[in-house]
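See below for the structure under consideration.
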Amino acid sequence: SSDSRLNEFIKSKLMSAEDIAEKFPEKLTLGASGFTPAGYPKVVPGAFVRRIKNSKNPENFSINLYTGASTGDELDGVLARTGRLKLRVSYQSHSDLRGLINKGKLNYIDMHLSHVSKYIREGIFPSIDVALIEVCDVTADGRIYLTNSSGMSATYLALANDIYIELNEIHPLEMKGLHDIYLPETHTGRPINIDYVDDRIGTPYVRVNPEKIKGIVLTNEYDSSPGFKKPDEASFKIANHILEFILHEIKHGRIPKTLLPFQSGVGNVANAVLACIAGDNRFKSIEMHTEVIQDSIFDLIDSDKLRFASTTALTFSPEGQKRFHKELHDFKSKFILRPMEISNNPEVIRQIGLITMNTALETDIYGNVNSTHVLGSSMMNGIGGSGDFTRNAYSSIFMTPSIAKGGKFSAFVPMVSHVDHNEHSVQIIISEQGLANLRAQSPKQGAKLIIEKCAHPMYRDLLRDYFKQAQRASFGQHTPHDLKQALSWHVRLQETGSMHPDYQKLENIIE
Ligand code: 0RQ
């Protein structure tokens with residue numbers, strides 16, 4: 001390490017990862033930094049796992065893990081593989097962890113991110129023993145400067161008895177100043193004074209009692225973000241429909257010409273759509289208030305369109321991370337990292353007025369959205385913040401390619417097998433095929449739009465047939481369903497491998 005970077009306080013607290021891991025209780029409730037996997041601890045969890053493996057009684061260990069959102073292999077992966085993880089809150093995307101969840105081997109609580117803090121503060125979840133937080137600097141008077149995510153770090157630092165720090169020297173000290181740390185009060189909180197994406201109301205550091213800092217270990221590693229698929233044809237088409245919709249809203253005076261800030265969700269589709277918006281000349285100046293910034297932000301920067309981005313995490317590929325560091329001096333006037341309690345706060349989302357863009361796994365003909373469960377039972381990632389943003393949006397958009405897995409799945413189904421976002425919150429649905437504007441539409445009017453505008457042609461006739469049959473067989477005619485058939489597509493997929501009855505015949509004609 002560059003010795004000059006370390007102040008006397010840090011030097012006095014230096015420990016090895018192994019020594020820190022020795023201090024953890026065997027029954028551990030850990031509050032860790034990290035959000036989609038940005039800014040999570042990278043060496044102490046591995047050392048704790050070695051301690052478990054070397055122990056005579058590994059079964060004595062049990063771990064409850066709280067973070068902001070998903071983290072990398074060095075935290076979620078290594079802990080999952082011990083088999084000692086008992087409780088995971090609140091969003092994940094690691095394949096080993098997902099495997100355990102879907103085998104029923106651990107309690108995963110998939111909840112709105114804006115609710116996590118209240119559940120922990122009020123003791124609804126087990127209380128935190130240790131906070132393990134990645135930082136880029138600490139001062140002797142207890143000011144802690146975070147790295148690529150704000151997430152839940154400030155809350156865990158406030159609640160834990162013992163604080164351990166991973167000081168990641170890959171981050172230049174210039175990262176200091178990106179964060180705006182402010183925690184709302186739980187019960188009778190005052191209004192949160194954020195009207196615009198660039199309003200600052202807090203401090204660039206988290207303040208703690210320095211005596212609670214029990215040890216610091218040095219690290220030097222990038223976040224392990226998997227990177228993203230290149231935007232494909234479907235993403236371009238989805239992005240184009242979004243832009244058309246926004247222009248339509250501007251024309252009718254519902255969205256100002258200067259636009260409203262965007263929130264965009266996690267994953268390939270969201271990343272690609274933002275990249276496409278950057279490449280379109282119809283919009284000149286974009287603001288974001290979101291929870292995850294991905295590599296596509298560089299497309300906005302390069303096309304000189306990013307006015308400002310407020311987020312709780314910077315989730316970059318290694319190339320993206322290097323570029324961010326290199327140009328940090330210029331970028332600092334364009335970014336704020338906020339605690340998840342602020343980025344996802346319904347009050348703030350409403351106040352700013354957002355165009356939200358999240359991704360569905362499947363949507364039914366009445367506009368209910370499933371973002372989390374494959375075949376109603378198998379967890380993908382989690383709801384994350386998509387509900388916080390959708391429910392409180394100025395305009396809420398859901399997007400999805402119309403088919404998945406080469407057409408074996410239709411993203412548009414008679415009835416969703418799990419509901420994350422219901423028809424009351426979902427306003428606009430977009431696939432590469434087209435756009436269904438569900439506002440002011442009755443369920444039956446909306447169903448026609450979804451079938452005719454969004455569904456893939458290979459599934460359109462099947463949906464039309466279902467909708468007709470539903471009206472014949474339904475108990476009521478407001479939201480007609482044939483309850484015997486409503487989930488038959490999912491059953492067929494489980495039994496035959498495809499939702500389409502003639503999939504084998506169609507296989508050759510699907511791109
Ligand atoms: O699987 O890679 O094995 O082929 O799902 O699909 O199309 O690459 O989409 O990466 O954008 O993720 C909803 C999961 C989409 C994500 C979801 C399969 C598909 C592929 C991924 P393969 P794509 P994306 C902000 C807001 C909920 C949380 C959220 C998500 C894989 O966006 O987790 O939005 N959202 N939070 O083949 C079965 C279907 C499918 C399907 C796609 N109908 N059935 N599998 N797939 N559709 C962030 C936070 O809150 C932290």
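Computed from a prediction, not measured in an experiment: that's the story for all the values here.
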_Show every salt bridge (Lys or Arg N to Asp or Glu O under 4.0 Å) that has at least one partner inside residues 67-82, sequence neighbours left out._
Asp73-Arg81, Asp76-Arg88, Arg81-Asp96
_side-chain contact (heavy atoms from CB on, under 4.5 Å) between Met152 and Ser117, intermediate numbers included_ = CA-CA 8 Å; Met152 287 292 289; Ser117 146; 3.8 Å; yes
Distance-only donor-acceptor pairs under 3.5 Å for side chains of residues 330-337, two or more places apart:
from: Lys332; atom 1: NZ; to: Glu174; atom 2: O; distance (Å): 2.5
from: Lys332; atom 1: NZ; to: Lys176; atom 2: O; distance (Å): 2.7
from: Ser333; atom 1: OG; to: Asp330; atom 2: O; distance (Å): 3.2
from: Lys334; atom 1: NZ; to: Leu306; atom 2: O; distance (Å): 2.8

*Assert yes or no for the condition that the ring centre distance of His421 to Phe398 is strictly below 6.0 Å.*
yes
_Any residue meeting salt bridge (Lys or Arg N to Asp or Glu O under 4.0 Å) with Asp280, in chain and number order, not counting sequence neighbours_ = Arg282
*ring pair (Phe, Tyr, Trp, His ring centres under 6.0 Å) contacts touching residues 296-323 (sequence neighbours left out)*: Phe298-Phe316, Phe316-Phe324
*asked:* List the residues meeting side-chain contact (heavy atoms from CB on, under 4.5 Å) with Glu347, not counting sequence neighbours, and say none if there are none.
replied: Pro191, Ile192, Asn345
*asked:* The criterion is side-chain contact (heavy atoms from CB on, under 4.5 Å); which residues satisfy it with Gln351, sequence neighbours excluded?
replied: Asp195
*Is the shortest distance from a Lys or Arg side-chain nitrogen in Arg50 or Glu18 to a carboxylate oxygen in the other one below 4.0 Å?*
yes
*Mind checking ring pair (Phe, Tyr, Trp, His ring centres under 6.0 Å) for Tyr119 and listing every partner two or more places apart, or none if nothing turns up?*
Phe125
_Qualifying residues under side chain to side chain donor-acceptor pair (under 3.5 Å), relative to Ser90, sequence neighbours excluded_ = none
*Among all residues two or more places apart in sequence or in another chain, which pass the side-chain contact (heavy atoms from CB on, under 4.5 Å) test with Ser153?*
Ser33, Ile133, Leu146
*asked:* Among residues at least two apart in sequence or on other chains, which ones pass salt bridge (Lys or Arg N to Asp or Glu O under 4.0 Å) with Arg84?
replied: none
*Is there any ring pair (Phe, Tyr, Trp, His ring centres under 6.0 Å) pair reaching into residues 19-58, and which pairs are they, with sequence neighbours excluded?*
Phe24-Phe48, Phe24-Tyr164, Phe48-Phe61
*Atom SG of Cys136 and atom CG of Asn148: how far apart are they, to the nearest 0.5 Å?*
9.5 Å
*asked:* To the closest 0.5 Å, what do you measure between CD1 (Ile397) and CG (Asn358)?
replied: 9.5 Å
_Under the rule for side-chain contact (heavy atoms from CB on, under 4.5 Å), what residues qualify as partners of Arg207, not counting sequence neighbours?_
Asp141, Arg143, Tyr205
*asked:* Please check: side-chain N/O of His373 versus main-chain N/O of Val419, any donor-acceptor pairing under 3.5 Å?
replied: no
